Number of protein chains: 2
Amino acid sequence: MDWPLLIESQPLLKHVPNELRHVTQCRNMTKGDTIFRIGDSVRNLFCVVKGEVQLIRHDIRGTKIVLQRSRSGFFAEASLGGTAYHCDALAAETGVLLFFPIAAFRTALDQNAAFRNVWIEQLAREVRKLRAQCERLNLNGAADRIIHYIESEGINDAVTLKQPRKAWASELGLSHESLYRTLKRLSDQGTLSIDGNKISLVS
Amino acid sequence: MDWPLLIESQPLLKHVPNELRHVTQCRNMTKGDTIFRIGDSVRNLFCVVKGEVQLIRHDIRGTKIVLQRSRSGFFAEASLGGTAYHCDALAAETGVLLFFPIAAFRTALDQNAAFRNVWIEQLAREVRKLRAQCERLNLNGAADRIIHYIESEGINDAVTLKQPRKAWASELGLSHESLYRTLKRLSDQGTLSIDGNKISLVS
DNA sequence: CGTACTTTTGAATCGCATCAAATCTGGTGG
DNA sequence: CCACCAGATTTGATGCGATTCAAAAGTACG
């Protein structure tokens, strides 16, 4: 996979300085692969280009707990500040992963102010997005979640979906059936206007 | 309110360099106060010490959308990178707020590597926490959410709550009644052991 | 001692998840 | 180009579990 292509998947990659880029590896992962294990010392920072990675922990009873599900972008960013991982990372779906050597990444952040600022902004944006998502998931009705999504992620009370609705449903914490039905209802009652992947609120 | 006291509420405050600390203001807010409005130019970065702030947006129909509810710590961190706010901020509950002049904050991040690293780590921790919370809110059952919380936020399969259960319920996206009932059920069936505010998983 | 808030339990209701099944879609290979 | 397949979309029927409304008991604090 070549770098210009990667950039499309993650705007931040455009700002990675050359020194860091040159030591970054792009590897394929196969469903079931172990990326790292709890206790492993931190050697890389990762970025999902394609596929899905899950951060997992197991409780006393052996139950698997998913701490995070990542389908695009960086995960376990907090490992930048630590020395060992606090959970397991597994490939949940075959795909492609970027490996940033951790020392080189830290050096780049220290010495390159522009890259550092982009990194900080990226983290802040992620925080904003996640806080809005939590707020949304705390809403009871399916309709409320849909409207909240359009309001918080959309532009001018409209969103253009870049993923199938099934995936959107899971982001909203709804079954896809519920999402389809509620969209239809809102559309019928004139609250929403739906045109393919463009969904907008009607006053 | 004096600074040593503030530090308890937010570990990051300990690392604020003196130059920044000296220009930081601590102000009271009263329920209903406007902190900033959408479109206002960014002059301060805020930190909630006490009370509650809500970030709000309004849709075409005039409905109020809560983007974020903050009861402790920084909010709207992304304003560091921008020039104008993208939503309104209101005091939802009387309390205390820290005002960090934005230019001084940026300067501190640029020139003080230690402070900067703490800021980055703080953001990364927040991301980790929020991702886990989203994952948790996507779980269906009340029991699953409780167990996930203990697993992801606790130590050695146990948590010690620092807030009333009612507040915990809202963090879990449950009604408090549901939380009480489910805790009782899990306790009765031997899955959980509950001792005041200490709640632990039993193998 | 009283007030405000949390904790606790009960009963009724409603919405969403789930299971099932049909249709539609894009992409593959023959 | 068409047959075919995997996945997405859509609609229906059912049951469970969480919310909601109500009310009582416990607790902290001035």
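Fair warning: this is a prediction, and the values are worked out from it, not measured in the lab. In what follows, chains are A, B, ... by sequence order, proteins preceding strands, each numbered from 1.
Judged purely by atom type and a 3.5 angstrom limit, A:R131 has no side-chain atom pairing as donor or acceptor with the backbone of B:L130.
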Worksheet item: Quick one: what's the B/S/- string for nucleotides 6-16 of chain C, heavy-atom cutoff under 4.0 Å, read 5' to 3'?
Response: SBBBBB----S
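Heavy atoms of other residues, nucleotides or ligands lying less than 6.0 angstrom from CG of B:N156 number 12 at most.
In this structure the side chain of B:W168 reaches within 4.5 angstrom of the side chain of B:I146, judged on heavy atoms.
Look at CG on B:L179: it is 15 Å from P on D:dT20, rounded to the nearest Å. Atom CG in B:D144 sits roughly 11 Å away from atom P in D:dG17 (whole-Å rounding). If you measure from atom CG of A:L186 to atom P of D:dT10, you get 14 Å, rounded to the nearest angstrom.
A cation-pi arrangement is found for A:R27 relative to A:F99, the charged atom lying closer than 6.0 Å to the ring centre and inside a 45° cone about the ring normal.
The CG atom of B:L174 sits 11.5 Å away from atom NE2 of B:H176, with the distance rounded to the nearest 0.5 Å.
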